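I have placed the structure first, in the form of structure tokens, so that the comments after it can refer back to it.
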Amino acid sequence: MPKIAVLPGDGIGQEIMPQALRVLKHVVKNLPDWECTECIVGGAAIDLVGKALPEETLKVCKKSDAILLGAVGGPKWDNLPGPERPEMAALLGLRKAFGLYANIRPVKMMPFLLDASPLKRERVENVDMIIVRELSSGLYFGEKGRKTDPPSGYDVMIYSEEEVRRILHVGFKTAQARSKRLCSVDKANVLETSRFWREIANDVAKEYPDVQLSHMYADNAGMQLVLHPSQFDVMVTDNTFGDLLSDIASVLGGSIGMLSSASLGNNIGLYEPAHGSAPDIAGQNIANPLAMIISVASMFRHSFARHDIADKIEQAIDQVFAAGYRTGDIAKPGDQVLGTKEMGDAVLAALA
Ligand code: NAD
């Protein structure tokens with residue numbers, strides 16, 4: 001029986017998750033035995049049980065095949081010590097608990113949203129790419145600290161061969177299923193970890209003779225994402241560069257409210273919007289629920305190999321756009337602006 005752990009979290013997570021769940025329940029209504037279990041996480045969990053990632057939530061996730069996460073964090077919990085904050089305790093806690101080492105972030109320009117992009121239409125109209133980011137090692141996970149004499153701070157960046165190989169395999173396999181072009185991004189001109197990464201990329205490439213591998217420096221990749229983003233199909237990169245580059249790529253499509261991300265490990269997948277809990281708009285029924293709904297599609301694609309269901313959800317969203325419906329973050333004059341719940345209604349109507 002497929003089991004899904006549902007973690008709405010904080011802020012707009014509480015508003016977008018119910019819409020995603022309506023879509024999920026609709027598409028599985030004729031399939032037997034799908035089980036969704038809702039759990040607390042993030043600041044909401046701190047308020048209730050004093051911990052951002054309670055044991056009970058972890059237990060449910062461990063028994064599940066996939067996790068749907070809304071967003072965590074908010075000003076109410078900003079003053080807690082780092083390791084207790086929702087972002088650290090819940091997000092990093094889940095990544096660690098499930099060995100989620102690959103973050104897959106698709107960036108696709110929807111034709112109806114060309115005018116919502118901050119870039120000129122001709123620059124973004126053919127953008128359809130995936131960023132594969134290493135998620136569980138590198139600079140963010142290395143030893144860090146302060147020294148007093150002289151005062152300084154340090155973060156160590158280290159990658160093992162196994163860590164680099166496994167993420168490159170994800171990159172090559174992703175490219176293999178698409179246009180068979182993979183761009184590996186590093187800073188091999190200055191970083192030893194990058195030279196190591198590049199050597200391994202060239203070695204792993206021998207196992208994928210049908211995929212054309214190219215290398216690009218991370219600073220150039222940032223520039224190219226703005227100048228000529230449609231040149232990319234699949235990009236694979238480390239944790240830090242992936243963090244920065246996927247945020248640059250996130251705005252190409254017009255709004256971060258449209259972007260989902262999948263974090264994959266060996267067994268379980270975690271699916272969530274790329275955005276946070278948006279406290280500035282929480283509780284107003286104006287958040288865009290589509291990234292959360294696209295996360296459901298992504299879950300069907302990656303965790304259950306149900307590409308038919310994923311396609312169906314994505315096509316329903318296309319139909320909603322074709323009918324002229326938008327949430328405020330992606331609306332232009334003349335569009336019909338819908339609230340969070342009403343956008344959920346529109347997707348459901350398109351699925352019916
Ligand atoms: P954010 O992504 O929450 O918001 C950035 C901007 O985008 C805001 O103006 C917000 O209104 C807008 N926005 C975000 N999602 C939207 C949506 N679905 N529809 C319409 N507009 C949307 O980033 P932030 O403001 O830097 O962070 C807010 C909180 O979220 C912080 O506590 C942060 O630590 C946390 N956070 C959590 C995650 C996560 O749970 N994965 C990720 C990033 C940030």
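In each ligand, atom 1 is the first atom listed, and ligand 1 is the first ligand listed. Because the structure is a prediction, the values reported are computed rather than measured.
With 3.5 Å as the limit, one finds no donor-acceptor pair spanning the side chains of Arg326 and Ser255. Side-chain atoms of Thr327 and Asn288 form a donor-acceptor pair, as typed in the model, at a separation below 3.5 Å.
Other residues, nucleotides and ligands contribute over 12 non-hydrogen atoms within 6.0 Å of the NZ atom of Lys144.
Judged by distance alone, the side chain of Arg306 and the main-chain N or O of Arg301 form no donor-acceptor pair under 3.5 Å.
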Could you list, one pair per line, each nitrogen or oxygen of ligand 1 together with any protein nitrogen or oxygen closer than 3.5 Å, giving atom names and the distance rounded to 0.1 Å?
{"from": "ligand 1", "atom 1": "2 (O)", "to": "Gly276", "atom 2": "N", "distance (Å)": "2.7"}
{"from": "ligand 1", "atom 1": "3 (O)", "to": "Gly276", "atom 2": "N", "distance (Å)": "3.4"}
{"from": "ligand 1", "atom 1": "3 (O)", "to": "Ser277", "atom 2": "N", "distance (Å)": "3.3"}
{"from": "ligand 1", "atom 1": "3 (O)", "to": "Ala278", "atom 2": "N", "distance (Å)": "2.8"}
{"from": "ligand 1", "atom 1": "9 (O)", "to": "Asp280", "atom 2": "OD2", "distance (Å)": "2.9"}
{"from": "ligand 1", "atom 1": "11 (O)", "to": "Asp280", "atom 2": "OD1", "distance (Å)": "2.9"}
{"from": "ligand 1", "atom 1": "11 (O)", "to": "Asp280", "atom 2": "OD2", "distance (Å)": "3.0"}
{"from": "ligand 1", "atom 1": "15 (N)", "to": "His275", "atom 2": "ND1", "distance (Å)": "3.4"}
{"from": "ligand 1", "atom 1": "18 (N)", "to": "His275", "atom 2": "NE2", "distance (Å)": "3.2"}
{"from": "ligand 1", "atom 1": "18 (N)", "to": "Asn288", "atom 2": "O", "distance (Å)": "3.0"}
{"from": "ligand 1", "atom 1": "19 (N)", "to": "Asn288", "atom 2": "N", "distance (Å)": "2.9"}
{"from": "ligand 1", "atom 1": "30 (O)", "to": "Ser277", "atom 2": "N", "distance (Å)": "3.1"}
{"from": "ligand 1", "atom 1": "30 (O)", "to": "Ser277", "atom 2": "OG", "distance (Å)": "3.2"}
{"from": "ligand 1", "atom 1": "32 (O)", "to": "Gly74", "atom 2": "N", "distance (Å)": "3.1"}
{"from": "ligand 1", "atom 1": "32 (O)", "to": "Glu87", "atom 2": "OE2", "distance (Å)": "3.0"}
{"from": "ligand 1", "atom 1": "34 (O)", "to": "Glu87", "atom 2": "OE2", "distance (Å)": "2.4"}
{"from": "ligand 1", "atom 1": "40 (O)", "to": "Val72", "atom 2": "N", "distance (Å)": "2.9"}
{"from": "ligand 1", "atom 1": "41 (N)", "to": "Glu272", "atom 2": "OE1", "distance (Å)": "3.4"}

Name each donor-acceptor pair under 3.5 Å that joins a side chain in residues 20-45 to protein atoms two or more places apart or in another chain, with its distance.
{"from": "Arg22", "atom 1": "NH1", "to": "Gln19", "atom 2": "OE1", "distance (Å)": "2.6"}
{"from": "Arg22", "atom 1": "NH1", "to": "Asp345", "atom 2": "OD1", "distance (Å)": "2.9"}
{"from": "Arg22", "atom 1": "NH2", "to": "Asp345", "atom 2": "OD1", "distance (Å)": "2.7"}

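Summarising the geometry, atom CG belonging to Leu135 is positioned 8.0 Å from atom OG belonging to Ser261; distances are rounded to the nearest 0.5 Å.
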